[in-house]
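Below is one structure, written out as structure tokens, with a few remarks after it.
Counting starts at 1 for both ligands and their atoms, in listed order. Side chains are part of it too, since the values below use all heavy atoms of this structure and drop only hydrogens, waters and symmetry mates. Please read these numbers as outputs of a predicted model, since none were measured by experiment.
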Amino acid sequence: MSKTLAYVIITVVIIAIVGGIIAWMYIRPQVAKKPVFVVIGKSVHPYWSVVEAGVKKAGEELGVEAIFWVPSKEDVPAQLSTMDSYVAQKVAGIAIAPSDPGAATPYINKALQQGIPVITIDTDAPQSNRLVYLGTGNWRAGYLAGLVAWQFAKEKGYIRPGATLKIAMLTGSLTAMNSLERMDGFKKAIEECSQKDPDIRGNINLIWLGPYNDQEDPVQALSLALSVLQSHPDLHIAFGVYAYDGPAWAKALNQAGISPGKVVLIEFDVTSDNVPPLIEGYALATVGQRQYFMGYYGVKLLYNMTKMGIDNAIKQLIPNYPSNRIYDTGVDIVSTRSIKFVAPTGDEVVVMSLDEYKTLAQSLGIDPALLGLS
Ligand code: BGC
């Protein structure tokens, strides 16, 4: 065979292959792309892994792509640029937990203007046009934490007429609404108890330390907690505003050689990170959020919005819509033992044991192992 003939044959074969590939690309049946829903959280923590599990479950049930994304710690620019890139990709819906509601507002409004439904979860941005807030009623949750702190401090003998009560708050954000509301509610509860408790009637000196901001960074949380305990070894009440904070307080108490239970530590959340401090006796109670449903209902609500229209979808989920655009996922107070008491404010407070909470989680369809309850 001559060289020329060989070149001709090779060229013909190459053209046939390339042509075949191009034809296949055009002729093959087009696989319909699944709609994409995106949920943007605030930081890496087992708390958010539970939200993610809810997101994935809803995605599976609906047969859609449900993406979950978080920055490693509080990171407002990263949250917002991620949101913007999903807006540019024209995803079907977005749920975001804005670390800074003011900064997030123009991003939320821009997505809505482009026809992408946006809701907030975990923490709200009420000045934006977000369609719904789906999450904890944080002021009330913080208030309950304050009532529980008062009750335990009283049991310890720290609440006496004329006494001084030192209270420190460690949080992961000074902009996110959930943090600000929790701290405000907590403070209000303790102030009201100090006025209304018949044994005290205002005759107590409340000393507030902080809030100390660790920006959802566990390393920073631990070093802040340690430095507070160094300067105030006589601390009475420690409040862990975010999921990171209770465990950071517990570690710091341990490292400072303060025996478990001496400081009344109240945590937020029931996760694999928050349960050990309760069992070890460093934390006396925690406020369990139902974050699984923020992820699960978040995706379902956005999906329904694309299927039945925004108003119908919201109406189905939220009582009194349109005057109310908030779906409160609820909280439960959890400790190692179950307690019921009436606070000096008149509120009846129910504290569940870890076992009771485990049963509740099961009945709600949440795998207790996901919450660190084996
Ligand atoms: C808060 C979240 C926060 C998480 C981890 C939770 O208590 O609701 O906003 O990101 O703790 O710090």
Using the test salt bridge (charged side-chain N to carboxylate O under 4.0 Å, His left out), find all partners of D332 that sit at least two apart in sequence or belong to another chain. R290

With sequence neighbours excluded, what pairs up with W139 under the ring pair (Phe, Tyr, Trp, His ring centres under 6.0 Å) test? Y143

L62 side, atom CG; K300 side, atom NZ - distance, nearest 0.5 Å: 5.0 Å

Output all residues satisfying salt bridge (charged side-chain N to carboxylate O under 4.0 Å, His left out) with E216, sequence neighbours left out; order by chain, then residue number. K42

Do D347 and T345 pair up side chain to side chain, a donor and an acceptor below 3.5 Å, judged on atom types alone? yes

Neighbour list for ligand 1 [protein residues, heavy atom under 4.0 Å]: K42, S43, Y47, W48, D122, N178, R182, E216, Y242, A243, Y244, D269, Q289

Distance-only side-chain donor-acceptor flag, S81 / D84, under 3.5 Å: no

